[in-house]
Structure formats: C-alpha cells, structure tokens
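See structure below.
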Protein chains: 2
Amino acid sequence: MTDRPIRVLLAEDQGMLRGALALLLGMEDDIEVVAQVGAGDTILDAALAHRPDVALLDIELPGKSGLDAAADLRARVPDCRVLILTTFGRPGYLRRAMEAGATGFLVKDGPVEELAAAIRRVLADETVVDPALATAALSAGPNPLTTRESDALKASADGATVADIATRLHLSESTVRNYLSSAIGKTGTRNRTEALREARRQGWL
Amino acid sequence: MTDRPIRVLLAEDQGMLRGALALLLGMEDDIEVVAQVGAGDTILDAALAHRPDVALLDIELPGKSGLDAAADLRARVPDCRVLILTTFGRPGYLRRAMEAGATGFLVKDGPVEELAAAIRRVLADETVVDPALATAALSAGPNPLTTRESDALKASADGATVADIATRLHLSESTVRNYLSSAIGKTGTRNRTEALREARRQGWL
DNA sequence: CGCGGCCCGTGACATTTGTCCTGCCGAACT
DNA sequence: AGTTCGGCAGGACAAATGTCACGGGCCGCG
C-alpha cells in the first residue's frame, strides 16, 4: 500500500481540537492534512485550492454552517467526500447532512481511533453513521417549521423582544407573534424559550 | 533531562478531544498521562489513586464543575497543580479559578503547542494566564448576584415558568419574580433571557 | 446597639407574551 | 377553477412577566 496518501481538509473552529486532530491524522502514514480552516466561509476556497479527497467538517462554524458548506462542496468539488464531525448527534443534523450529500456523520464523543477509520471508509464510498442515531433520525420525522418560523425563533434566541425581532426581520409585531405562536404549537412547548430549545435539540435550526 | 516524567490527569468530557490530547501529551517524552476522566465527580478519586503532578481540568463537566473539583484537589491533594482548560475565557471563570487555587488558565482556542508548555510552566509554579484575559477579569469586577438570584436564573434557563422555578426552589412565586427582577436590574438587561445570557457571558453562573 | 445586607413573602400594577380569529396575496398543485 | 399552503397583518383577549412598594426575620460588622 504505497498509494498516494489520502488528502484531508479539516474544518473546525476550536483551535486546540483542530490542531490536535491535524497532528494525529498527519501521523497516519496514508493520510495527509492538506488544509485547515476555522471558518465555514473559507471551506470552499480551501477545497478549490487544495483538492482534498475528504473534507472533515464541523457543523457549528463561524461564517457559514458546515452543512451549507457541504452542499457547496458537492456542487463545486464533486470528487471530494464529506464527513461531518459534530458535537451533537441531533436527528435533524443527520438528516440535513445526508440531504447535503455527506457520506459520513461522526459525533465528537467516542474515541479518536474511529476518526481515521471513518476517513478511510468514507473514501471507499461507504456510508458511516452510528446506527442508533440513524434510526432516531428516521423516526423523528422531518422539520415541521417553515422558513419564517425558524427565522423568528432564531432571532428570539438572545432574549430579544417581539419588537426587536420585528425590526430585525422587517415584519410587523403581529406577524412575529403569529410565527412564534405557531412554532410553539408545532414543537409542543409552552413559550419561545422552550420552543427554541426543542427546535435546537431536534437540529431544526 | 532523564527525570521522572510529569504525571498528568486529564478531565474533559468530549471524548474525541480527550483522546486526542492524551495521545499528543503522551508523545512528549517528559509527560505521562496517568488518568483520564470524563466526569467532574470522578476527578478527586482518580487524583487520589494516581497522584498526578498536574490536573488538566475542563470547567463544564457532567457531575461536578471543574472549578469545584479544583477546590477539592487543593484541599485533598495539595501537591497537585491545577491547570484549567476551558472553551470560554469568561472573566468570572478566571476569577473563580484563581480563588479555587488554580495555577493556570487556558482557553481551547489557540494552538495545541501551548498546552505542553503550559504544563511544564505550571509545574514550576509559574502562573500561566493570557494577559488580555487577566486584565478583563480585573476590570469586570466581582459577581454582584446573590446566591438565590443565581439559583433563580439557572432554574429559568430551560424556559421554565415562574411557577416551575418556584416549585423547584421551594419558594413562592412572588419571591421568584423578585429575584429575577433583581437579577435583571443588576445585569442591566430587559428580561430573564438577556439576564441569563449576560450572567453566563460574565461567568457568574 | 443600630445599620446594612441577604433571605422570604405579599399585593398592586403596567407591560409583554401567547392565543385565536379574521383577512389578503401569490404560488403550486389538481 | 378550485384548493391548499406559506407569507403577512390587524384586533381582541387571557396569561405570564417584570416592577415597585412594602413588610418581616436573620446575621455580621462597626
């Protein structure tokens, strides 16, 4: 096996984890980390410049979500497989990752040893997903929130009042209250805060 | 330098980061990772069993906060230096870490290379803290919230209603509203959600 | 001792939030 | 052509939230 090494792009905002993973992956003799980025909106450029075989993407990233970046990669760098690496195994994240064309989905718990193995399997076009998480994602059903309901929920995250949200979204206060009320109903919760938590838990935001 | 290696205890809940750091630190020839734990309430036992020279502690841990664990260690394993490793450089965290007897305070941004260096410096009883963060912590002043105000804020975190909080804290609803109102005043915010965010940002919870 | 701080509680009040109903518009599908 | 769904908005109402003024008790400090 003296093939050319697997070229990996690493996108992760936490500097220490990014550095540690890069060092560890670099020590595998069949893996080479050709690019490291800490922001979502630099992923595509880095991939175009370095042509990786596998992109290892965190989801929560500054600038642009790893899921959105995954969709970009599928369109512009189709030879590059996408492996999502995320803190939370939210059902909605997994669903969206698959729709965005990801080949694998790993959570940041679980041993580091999994990582290199997953990279090799993904390169062979094997789908790598935790089975328990997969069934959870299936049974959870799709995101019931409309675009604007999600917007209103997101905008309410930092404790903004209805008036604040209305300004931010260029809407009337009545409309905002309607969206929030509807989101509360769909999540089966009692107020915005609970609705926001539940929507996040499901990976709907 | 063929001294006996520095014995390190590693407390971090995220499996992948914990594993990666353990491997990297283990590759330094003067460092040996003698224990790894993923929960705060197992730190003390592990330290008593393995007698590390340095304990590398995350703050947000299941079971018990790394800050509380630090205080335990100072009391029961006084030869062990404490080095806090945390995601967020909140002023209040740094202050509390120092009061709990920590010798160093690192954030998870910044390069991995810092880590081994910090461990060696901490062992030599050098205080290691990012200077910018240190001045921020000083200028921020101490935590103005009383115990009960903090309790009420924490209990409101998941979207609980006043009635819920009152039940959880064995208080009357009026009292809860007073505490929340007071916390909102002290944080200079407009509602609980903002107050909670601000209190967290300052590291007051 | 008086003073201040924290704890706990009540009642009244204004504001905000959440619900429900109504309506209009455009796009998509049948 | 009709129906459904999403976006947008207004009004009316009940409930939750936040504010304020006011009590009491306890403890520590000068």
Side-chain angles (χ1 to χ4, degrees), chain A residues 68 92 95-96 99 141-205, chain B residues 92 95-96 99 140-205:
Chain A
D68 296 339
R95 177 180 294 263
R96 285 200 274 161
E99 284 165 4
N143 182 350
L145 300 176
T146 69
T147 316
R148 302 306 263 166
E149 286 160 359
S150 296
D151 292 343
L153 268 191
K154 282 183 229 161
S156 81
D158 48 357
T161 69
V162 172
D164 295 338
I165 304 173
T167 306
R168 228 179 286 175
L169 264 46
H170 305 291
L171 290 176
S172 91
E173 301 197 12
S174 308
T175 306
V176 170
R177 286 140 68 96
N178 286 338
Y179 285 150
L180 287 178
S181 181
S182 161
I184 291 168
K186 287 180 180 177
T187 50
T189 53
R190 295 174 302 171
N191 53 51
R192 322 169 183 197
T193 312
E194 282 192 352
L196 188 68
R197 281 179 67 84
E198 178 61 16
R200 278 207 220 278
R201 200 181 67 77
Q202 295 279 358
W204 288 342
L205 298 186
Chain B
R95 178 180 292 261
R96 285 199 276 161
E99 285 165 2
N143 181 351
L145 300 176
T146 70
T147 315
R148 303 306 264 164
E149 286 161 358
S150 296
D151 291 344
L153 268 191
K154 282 183 230 163
S156 81
D158 48 357
T161 69
V162 172
D164 296 338
I165 304 173
T167 306
R168 228 180 285 176
L169 263 47
H170 306 291
L171 291 174
S172 92
E173 300 196 11
S174 310
T175 306
V176 170
R177 284 139 67 99
N178 286 338
Y179 284 148
L180 287 178
S181 181
S182 162
I184 291 169
K186 287 180 180 176
T187 49
T189 52
R190 295 173 300 169
N191 53 51
R192 326 171 177 191
T193 312
E194 280 193 353
L196 189 69
R197 280 180 68 85
E198 177 62 14
R200 278 206 219 279
R201 198 181 67 78
Q202 296 278 358
W204 288 342
L205 297 185

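The chains referred to below are lettered A, B, ... by the order of the sequence lines, with proteins before strands, and numbering in each begins at 1.
In this structure, the CG atom of B:L153 is 13 Å from the C1' atom of D:dG18, given to the nearest Å. What separates CD of A:E173 from C1' of C:dT15 is a distance of 12 Å, to the nearest Å. If you measure from atom NE2 of B:H170 to atom C1' of C:dG9, you get 17 Å, rounded to the nearest angstrom. Summarising the geometry, the separation between CG on B:L145 and P on C:dC7 is reported as 11 Å, rounded to the nearest angstrom.
To the nearest 0.5 Å, atoms CG (B:D151) and CG (B:L145) are separated by 10.5 Å. Rounding to the nearest 0.5 Å gives a distance of 11.5 Å between CG of B:L205 and CD of B:E149. Distance check: A:L196 CG to A:L180 CG gives 10.0 Å after rounding to the nearest 0.5 Å.
Residues passing the side chain to side chain donor-acceptor pair (under 3.5 Å) test with B:R95: none are found, sequence neighbours excluded. The side chain to side chain donor-acceptor pair (under 3.5 Å) test applied to B:T167 returns no partner, not counting sequence neighbours. Evaluation of the side-chain contact (heavy atoms from CB on, under 4.5 Å) rule for B:R177 yields B:V162 as partners, not counting sequence neighbours. With sequence neighbours left out, B:R96 forms a side chain to side chain donor-acceptor pair (under 3.5 Å) with no residue at all. Qualifying side-chain contact (heavy atoms from CB on, under 4.5 Å) partners for A:E194, counting only residues two or more places apart in sequence or in other chains: A:T189, A:R190, A:N191. Under the side chain to side chain donor-acceptor pair (under 3.5 Å) criterion, B:S150 pairs with no residue at all, not counting sequence neighbours. Every side-chain contact (heavy atoms from CB on, under 4.5 Å) that B:R201 has, sequence neighbours left out, goes to B:E198.
Rounded to 10 degrees, the angle separating the terminal helix axes of the helix from C:dC1-D:dG30 to C:dT30-D:dA1, each built from five base pairs, is 30°.
Sorted by residue number, the list of members of residues 197-205 of chain B with any non-hydrogen atom under 4.0 Å from DNA chain D is empty.
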B:T193/A:R192 under side chain to side chain contact (heavy atoms under 4.5 Å, CB included): CA gap, chis, key distance, verdict: CA-CA 10 Å; B:T193 312; A:R192 322 169 183 197; over 6 Å; no
Full working for side chain to side chain contact (heavy atoms under 4.5 Å, CB included) between B:Y179 and B:L169: CA-CA 12 Å; B:Y179 284 148; B:L169 263 47; 5.9 Å; no
Tabulate protein N/O versus nucleotide N/O from nucleotides 18-20 of chain C, keeping only pairs under 3.5 Å, one per line.
| unit_1 | atom_1 | unit_2 | atom_2 | d |
| --- | --- | --- | --- | --- |
| C:dG18 | OP1 | A:R192 | N | 3.0 |
| C:dG18 | OP2 | A:R192 | NE | 2.5 |
| C:dG18 | OP2 | A:R192 | NH2 | 3.1 |
| C:dG18 | N7 | A:R177 | NH2 | 3.4 |
| C:dG18 | O6 | A:R177 | NH2 | 2.4 |
| C:dT19 | OP2 | A:S181 | OG | 2.8 |
| C:dC20 | N4 | A:N178 | OD1 | 3.1 |

Hey, what are the protein-to-nucleotides 5-7 of chain D N/O distances that come in under 3.5 Å?
| unit_1 | atom_1 | unit_2 | atom_2 | d |
| --- | --- | --- | --- | --- |
| D:dG7 | OP2 | A:T146 | OG1 | 2.7 |

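Backbone-only contact: B:T161 has heavy atoms under 4.0 Å from sugar-phosphate atoms and none from a base.
Residue pairs satisfying the side-chain hydrogen bond (donor to acceptor under 3.5 Å, both in side chains) criterion with at least one member in residues 152-162 of chain B, sequence neighbours excluded, are listed as follows: B:T161-B:D164.
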